[in-house]
Protein chains: 2
Amino acid sequence: MQTIEEILKIKKVNNTAIRTVVLRHLLSQEKAQSLKDIENVLVHTDRSSIFRTLKTFEKNKVIHSIEDGSGMLKYAVCAKGCNCDPKDLHYHFYCNNCNKTFCLFDIPVQNIELPDNFKIQQANMVVKGLCNNCNK
Amino acid sequence: MQTIEEILKIKKVNNTAIRTVVLRHLLSQEKAQSLKDIENVLVHTDRSSIFRTLKTFEKNKVIHSIEDGSGMLKYAVCAKGCNCDPKDLHYHFYCNNCNKTFCLFDIPVQNIELPDNFKIQQANMVVKGLCNNCNK
DNA sequence: CTTTTGGCGCAACTCGATTGCAAAGATTAT
DNA sequence: ATAATCTTTGCAATCGAGTTGCGCCAAAAG
Ligand SMILES: [Mn+2]
Ligand SMILES: [Mn+2]
Ligand SMILES: [Zn+2]
Ligand SMILES: [Zn+2]
């Protein structure tokens with residue numbers, strides 16, 4: 001497991017107090033976090049600072065964002081070695097009951113046969129339903 | 001091909017002038033339409049009326065919505081027989097260059113092997129990249 | 001010490017989505 | 001035909017996530 005300092009160094013993001021605590025929080029959560037989620041934890045930190053931290057992280061591929069249809073972008077830490085390329089593509093699961101969103105890193109994604117001359121660059125794949133906790 | 005009247009009848013949506021013209025517009029477009037797209041066409045119809053028309057259509061499975069990351073929800077007419085169930089799942093393609101979003105009805109989606117006890121109900125699958133027109 | 005650069009907090013703003021309400025239209029009951 | 005009822009529409013207001021301008025401050029460079 002890499003430390004927060006190592007991750008930021010590898011991704012060429014300057015380390016600051018806010019960045020450390022935001023990344024630590026994201027790493028501690030199994031579910032992807034929205035800006036509001038993080039605001040609710042870092043109550044003394046300004047929203048725009050958290051926002052810019054997330055954008056910096058995303059630009060430098062420390063994290064990636066997920067549009068799960070909740071109306072709020074969610075953010076999750078990239079897997080080690082991830083470069084946000086098509087090869088790093090993975091599904092996400094959004095639970096309609098508990099509203100948890102998370103990466104399904106372990107489920108292989110089929111090679112998608114696009115029509116002739118189409119080129120994939122990224123993807124946003126969200127499966128919605130009931131998670132194991134809510135599917136009783 | 002079904003007529004607009006037939007579609008609305010099958011989906012149990014009362015026919016009105018606005019609903020007819022909105023559905024006709026959606027059917028005439030190959031790319032999924034945003035509320036704003038439709039506003040720009042139906043310049044004499046109020047936004048909220050179009051909005052509610054779309055919500056009514058979506059609830060009754062005349063259309064489905066797609067979150068393509070552009071910040072605006074897109075809407076596309078469901079295929080004949082579609083019930084917006086997992087079996088009706090299909091990919092969408094968003095062109096990063098021309099910003100066109102559309103359904104890839106012809107590309108099969110593999111059965112996604114979710115973790116134990118997870119249940120799929122819907123999905124939002126968007127592949128992003130360059131369409132055949134823009135991939136030069 | 002002085003200058004430069006990057007990060008932060010605050011406040012304001014944008015814009016897509018959504019809603020309350022009353023008028024208009026359509027349908028059904030009397 | 002008229003009254004009561006339900007549905008649809010238009011208008012204006014509001015919500016809220018996301019975003020930005022700007023000045024301050026602290027660390028790094030000169
Ligand atoms: Mn992910
Ligand atoms: Mn579709
Ligand atoms: Zn759940
Ligand atoms: Zn294109």
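Naming convention: chains lettered A, B, ... in sequence-line order (proteins, then strands); numbering from 1 in each chain. Quick caveat: nothing in here was measured; it's all calculated off a predicted structure.
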[X], [Y]: one ILVMFWY side-chain cluster at the under-4.5 Å cut-off?
{"X": "B:F93", "Y": "A:V127", "answer": "yes"}
{"X": "B:L54", "Y": "B:I66", "answer": "no"}
{"X": "A:V126", "Y": "B:L114", "answer": "no"}
{"X": "B:M72", "Y": "B:I63", "answer": "no"}

For the pair made of [atom1] in [X] and [atom2] in [N], what is the distance, rounded to whole Å?
{"X": "A:M72", "N": "C:dC15", "atom1": "CE", "atom2": "P", "result": "22 Å"}
{"X": "B:E39", "N": "C:dG16", "atom1": "CD", "atom2": "C1'", "result": "10 Å"}
{"X": "A:K12", "N": "C:dG7", "atom1": "NZ", "atom2": "P", "result": "15 Å"}
{"X": "B:Q33", "N": "C:dA17", "atom1": "CD", "atom2": "P", "result": "13 Å"}
{"X": "B:L54", "N": "D:dT9", "atom1": "CG", "atom2": "P", "result": "12 Å"}
{"X": "A:L73", "N": "C:dC15", "atom1": "CG", "atom2": "P", "result": "18 Å"}
{"X": "A:L8", "N": "C:dG6", "atom1": "CG", "atom2": "C1'", "result": "15 Å"}
{"X": "B:R47", "N": "C:dA17", "atom1": "CZ", "atom2": "P", "result": "10 Å"}

Q: Starting at the 5' end of nucleotides 20-30 of chain D, put B wherever the base has a protein heavy atom under 4.0 Å, S where only the sugar-phosphate does, and a dash everywhere else.
A: BBB--------

Q) Taking NZ, NE, NH1 and NH2 as the nitrogens, is one of them in A:E58 or A:K55 under 4.0 Å from a carboxylate oxygen of the other? A)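 A salt bridge links A:E58 with A:K55.
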
Q.
Taking B:K74 first and then B:E67, would you say they form a salt bridge - that is, a charged N and a carboxylate O separated by under 4.0 Å?
A.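 Looking at B:E67 together with B:K74, the answer is no, because their closest N to O distance does not fall below 4.0 Å.
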
Q) Does a side-chain N or O from A:N14 land closer than 4.0 Å to OP1 or OP2 of C:dG7, or not? A)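 Result: yes.
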
Q) Which atoms form the tightest heavy-atom contact between B:D37 and B:A32, and what is the distance? A)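 So the two residues come closest at OD2-O, 4.1 Å.
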
Q.
Heavy atoms only, 4.0 Å cut-off, all strands: where does B:S34 land among base, sugar-phosphate and nothing?
A.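 Contact class for B:S34: none.
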
Q | Any side-chain donor near an acceptor of the partner, A:N124 and B:Y94, under 3.5 Å | A |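 Short answer, no.
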
Q. Do B:T20 and B:N15 have side-chain N/O donor and acceptor atoms under 3.5 Å apart?
A.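 There is such a pair (donor and acceptor under 3.5 Å, judged by atom type) between the side chains of B:T20 and B:N15.
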
(Q) Among residues 15-23 of chain A, which ones have heavy-atom contacts with DNA chain C below 4.0 Å? (A)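 Going residue by residue through residues 15-23 of chain A, the ones with a heavy atom under 4.0 Å of DNA chain C turn out to be A:T16, A:I18, A:R19.
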
